[in-house]
Protein chains: 4
Amino acid sequence: MNSFGRIFRISIFGESHGECVGITIDGCPAGLSLSPEDILPDLERRKGGKQKGTTPRQEEDFPIFKSGVFNGKTTGFPITILFENKNTRSEDYSKQRSIPRPGHADWVAHQKFGGNEDYRGGGHFSARLTAGIVAAGAFAKMLMKDVTIKAEVTEVGGEADIEKGLQKAIDAKDSVGGIIECRVNGLPVGLGEPYFDSIESVLAQIVFAIPAVRGVEFGTGFAAAKMFGSEHNDSIQNMDGKTKTNHAGGVVGGISNGNELVFRLAVKPTSSTPKEQNSLNWDTKQTEDFSIKGRHDLCVALRAPVIVEAVTAIVLADFMLLEQKIKRVL
Amino acid sequence: MNSFGRIFRISIFGESHGECVGITIDGCPAGLSLSPEDILPDLERRKGGKQKGTTPRQEEDFPIFKSGVFNGKTTGFPITILFENKNTRSEDYSKQRSIPRPGHADWVAHQKFGGNEDYRGGGHFSARLTAGIVAAGAFAKMLMKDVTIKAEVTEVGGEADIEKGLQKAIDAKDSVGGIIECRVNGLPVGLGEPYFDSIESVLAQIVFAIPAVRGVEFGTGFAAAKMFGSEHNDSIQNMDGKTKTNHAGGVVGGISNGNELVFRLAVKPTSSTPKEQNSLNWDTKQTEDFSIKGRHDLCVALRAPVIVEAVTAIVLADFMLLEQKIKRVL
Amino acid sequence: MNSFGRIFRISIFGESHGECVGITIDGCPAGLSLSPEDILPDLERRKGGKQKGTTPRQEEDFPIFKSGVFNGKTTGFPITILFENKNTRSEDYSKQRSIPRPGHADWVAHQKFGGNEDYRGGGHFSARLTAGIVAAGAFAKMLMKDVTIKAEVTEVGGEADIEKGLQKAIDAKDSVGGIIECRVNGLPVGLGEPYFDSIESVLAQIVFAIPAVRGVEFGTGFAAAKMFGSEHNDSIQNMDGKTKTNHAGGVVGGISNGNELVFRLAVKPTSSTPKEQNSLNWDTKQTEDFSIKGRHDLCVALRAPVIVEAVTAIVLADFMLLEQKIKRVL
Amino acid sequence: MNSFGRIFRISIFGESHGECVGITIDGCPAGLSLSPEDILPDLERRKGGKQKGTTPRQEEDFPIFKSGVFNGKTTGFPITILFENKNTRSEDYSKQRSIPRPGHADWVAHQKFGGNEDYRGGGHFSARLTAGIVAAGAFAKMLMKDVTIKAEVTEVGGEADIEKGLQKAIDAKDSVGGIIECRVNGLPVGLGEPYFDSIESVLAQIVFAIPAVRGVEFGTGFAAAKMFGSEHNDSIQNMDGKTKTNHAGGVVGGISNGNELVFRLAVKPTSSTPKEQNSLNWDTKQTEDFSIKGRHDLCVALRAPVIVEAVTAIVLADFMLLEQKIKRVL
């Protein structure tokens, strides 16, 4: 349930305020040269505290390789990477234990796991789990030298001017949502299958695994619902499959068509808003006003592009292994 | 690659103009009483030719049970259902073989499968494959007597007045897209997992398996990206988890929270538009103008609600089996 | 639960006395030329009635292709094959319904599926389901032109002289067990993984799916338990990995080593013996003497070699696809 | 490829002389109380150096919990357990790098992974990886309070008197193989499926994941091949399914029948024998005589019973979760 992928397969584990979070990557081809420097830049992008609008909590996020790498290369066996939790302030969270935080998984986790869940800082639900995913994405990117994957925030709080959107939230003393767009170039034709293993299906599955994502659209997406067929259809121009327009976003019938892969996702505002809220108190069984302390992101979308790139790389590397576009031993 | 599900697991097969399309359902609990009448209404809804805007091609769509049902009950073994193809006009399609139809999978299929694919009427890519999915959905619905799933078209061609949207397309002699909304009531709390098996992830995977779907959003969806946290958060009101608002659409942390599950999806306009188009001719290697003959839907979204309900039921029944909310023998 | 394989994946369905038995093969490469003649010889070997010691029931066992083959080639999409049930005598079986037959699944099926199972002729448990497996095996064999797979009965009733073993059973008016050995040549080095996906693990999983198999051993097998290490170790002779002896049976560390793959399996005597037996009567809740009517195999091992070859081919083709030794489009 | 199980799912990682070996258990029900003391006894049994015939290498084998346990209970999320490698002498092994050790995976690993594998002490192929499996087995046993699983060595070097068998090997200055038998009592009727998920299939898959196992048989096993049907059939005696004999070893049609589950497995002699051997030298491309230094087991079968119990428990707990005989939250 915490695993994803067919050949290039990841499994995540850990809790926000436990000993560590981590990931195991199975099925990565042998012989991939790598140094921590290949992974650190992406991990750095995921970290908060560097940009306006992200949490000042700064874990070191240093990847500790426990297996699967030998003499600076992947061995072909499972690669387990840990990220130790050092900079945690659990006391901040335990105070709010009696009020399940709105927008967070506190309430559902408690119901589903019978109160056995590690609730501190969101536990296993914490976005900190994405550190491992970003590391795995860095491996996947290295497997696809000719493919470029670029995600960026295109909108914050409804403003295409990111700074303006953030300022709006700062002024309102509130958190705010955003839109991320991802573009992939250099993909071979023929990745993906019709139906359940379509590029859209598999990408959407993992994109919705990113905390706070509420919507995904490919190519023209929701706007396509308002179009005529003659407008939306992309006219094929040559034997390479290059199309005049790219309303399809690079995927037709679930399969990559050689044009740029384009998709967008909606990220909800950070649930931990500085504003006072009203919700249920488990102890009194009454609703009450409360406010959330702690260090939080003003807009979680800001840290998400590197995660979006990572999950995209993971999906595409897996498809490329299945289609024999990446070798099992490099 | 043509299978989906963990315990309640479906596998589809067949081609639009081959002998049949069909499905195998594995993992359906034993002892479910059923008659064809339990399945026919949903199959009827999927069929074209009844409503304005759908194709006049009317297969009988009669489900032929080949296994897994005995004495009017499921046996607990794989249920294979066939739908024979009778009313096909392959000659309509073979004429266009030299021009891969824009918006269709003709070009990618040819590249991916080396020209071995059955291209007639879209072959395995045809929406006719959804007949089996609708049948499986009918089984899944019967397994969840207390859950109601209702999908409907809420917009055609940008118009919330469906008739008006269709008339716009008829006037333009073009096809048109639409929006479908699905609402589920009666779900227990606790279905789904964080990350890859979140309700959103698994539902999105199968929803994107429906031909022509281009976007999916849960709860407030893309609009959430424009909201403040204090607006979007749903205040929990009582010990049953009932929230004051339902911006989350019934899913928090990937897990059902007992409120109404709500999601929407964008359907692109039918690729086979009556309008003249321009695209590549494989033989001449030049682009040329052409038009598509045959019987087609003006708006494929119109036939899709029952398919959306079916895939939703399939996902939820699988989660309920995993969570032991449905017994293995009824 | 009725599926097997990672890339080349089979799913079986059907009942002995229902409409049909069948199989769906997903993940078979596109472009494999085939005619029924490529499959019929193996199906013929599986059939009874031809050799001494096999049941006189002779289904036609004619494979009806319902999907996935077009213009005499595989399309790359799921291949569904049906075998209709024509020559059934259900009345033979219904008589014994009140006594669960010893050695058969009657009793466990009834308990597990709450009496909903199709009990006629063993229903889904019937060895008739192996018809589909044999067909899938024929496809797998065709994918591996350079690999030869040969299984044969080496012992019946403890006699290496098959005729003698059968005569012993005929004289005793009883059924009898046997040993089958399978040898594979031409395998590349490097198939299989350590642990759960070792060649032994995956082969054993599917070999035990063959009804009546009670034991599997690789290379020297059980005899290895009596040996010294210096005797059992196979000395590597050259850079191709050729070993002086082959006690390992071609698999070391779960991985093929380029030597002949050798394994053996034990088949229990046919449960339906002509002899009078004693067992429980469900109606009276007392044990009683009874005898089984109907047409049965004296020794089911005799029909099994082609099934053993089929499952071996299925496993190896899947490993070869995973290792990119077989292309996705031929 | 290094994962096993459907609901209770394990994933192993690590190398013999790397930083650690470990396991992740996903799908373990929430609310299982545990202390290290519940796991240590089984880990102790797996360790060498305590009994005659086992290696004097004594890792501490102390399980370090990294996730999934909180306040002394399982949380329902992935449980990752590490075993640090402390007591390694890699120099012993590096000396033999030029000669792939017969019976070991050195040669196949080198071929399959292109020389990128961590070869020290067998790397990922090392039996040390079974430490994690034993830990997972301890969890699985705790989930099934009413089920008793007992494996023991019944034969060493062909002698049912274990001491005598070991002395034979000591006298010969050689390693030796053995037989292990496992018996399970208290199982409910109805676990397992016909075909690929039969109890025999799934158990055999994981039993062959144990290094050095060369054969598996259920119930009467290979001896069944020499029997008549009337001898082998187990007469059902009462409505609980109790049989007069137990030739089936508790499994009929792939499904547990309520009688004692019995299976045996053959373990080859330790490949690292103290005797001088002859094999290929990669550098000279010639065969040569050599001997293996280092600390090794005289008979690896001696340490294996607790591993056999562990894999059996893992399989059965998974089946019991699937059949809803174990709850998701305890």
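Keep in mind that the numbers below use all heavy atoms, side chains included, and drop hydrogens, waters and symmetry copies. The chains referred to below are lettered A, B, ... by the order of the sequence lines, with proteins before strands, and numbering in each begins at 1.
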Under 4.5 Å to a heavy atom of chain A? For B:Glu323 that would be side chain
Of the backbone (N, CA, C, O) and the side chain (C-beta and beyond), which part of B:Leu203 lies under 4.5 Å from a heavy atom of chain A, both, or neither? neither
Heavy-atom distances under 4.5 Å only: say whether B:Lys268 touches chain A with side chain, backbone, both or neither. both
When the 4.5 angstrom heavy-atom criterion is applied to B:Val189 and chain A, the contacting part is side chain
Whatever's closer than 4.5 Å to a heavy atom in chain A on B:Thr130 counts as neither
Under 4.5 Å heavy-atom distance to chain A, tell me which part of B:His247 shows up: side chain, backbone, both or neither. backbone
What part of B:Ala169 gets within 4.5 angstrom of chain A, counting heavy atoms only: side chain, backbone, both, or neither? both
Is the backbone of A:Gln205 close enough, under 3.5 Å, to the side chain of B:Ser201 for a donor and an acceptor to pair up by distance? yes
Taking NZ in B:Lys242 as the centre, count heavy atoms belonging to other residues, nucleotides or ligands within less than 6.0 Å. Is the count above 12? no
Which region of B:Gln237, side chain (C-beta onward) or backbone (N, CA, C, O), has a non-hydrogen atom less than 4.5 Å from a non-hydrogen atom of chain A, or is it both or neither? both
Report which part of B:Gln277 has an atom under 4.5 Å of a heavy atom belonging to chain A: side chain, backbone, both, or neither. side chain
State whether a side-chain donor-acceptor pair under 3.5 Å links B:Asp234 with B:Thr245. yes
In terms of heavy-atom proximity below 4.5 Å to chain A, should B:Asn257 be classed as side chain, backbone, both, or neither? both
So for B:Thr220, is it side chain, backbone, both, or neither that comes closer than 4.5 Å to the heavy atoms of chain A? neither
Identify which part of A:Ser230 has an atom lying under 4.5 Å from any heavy atom of chain B, answering side chain, backbone, both or neither. both
Against chain B, label A:Thr270 side chain, backbone, both or neither, depending on which of its atoms sit under 4.5 Å from a heavy atom there. backbone
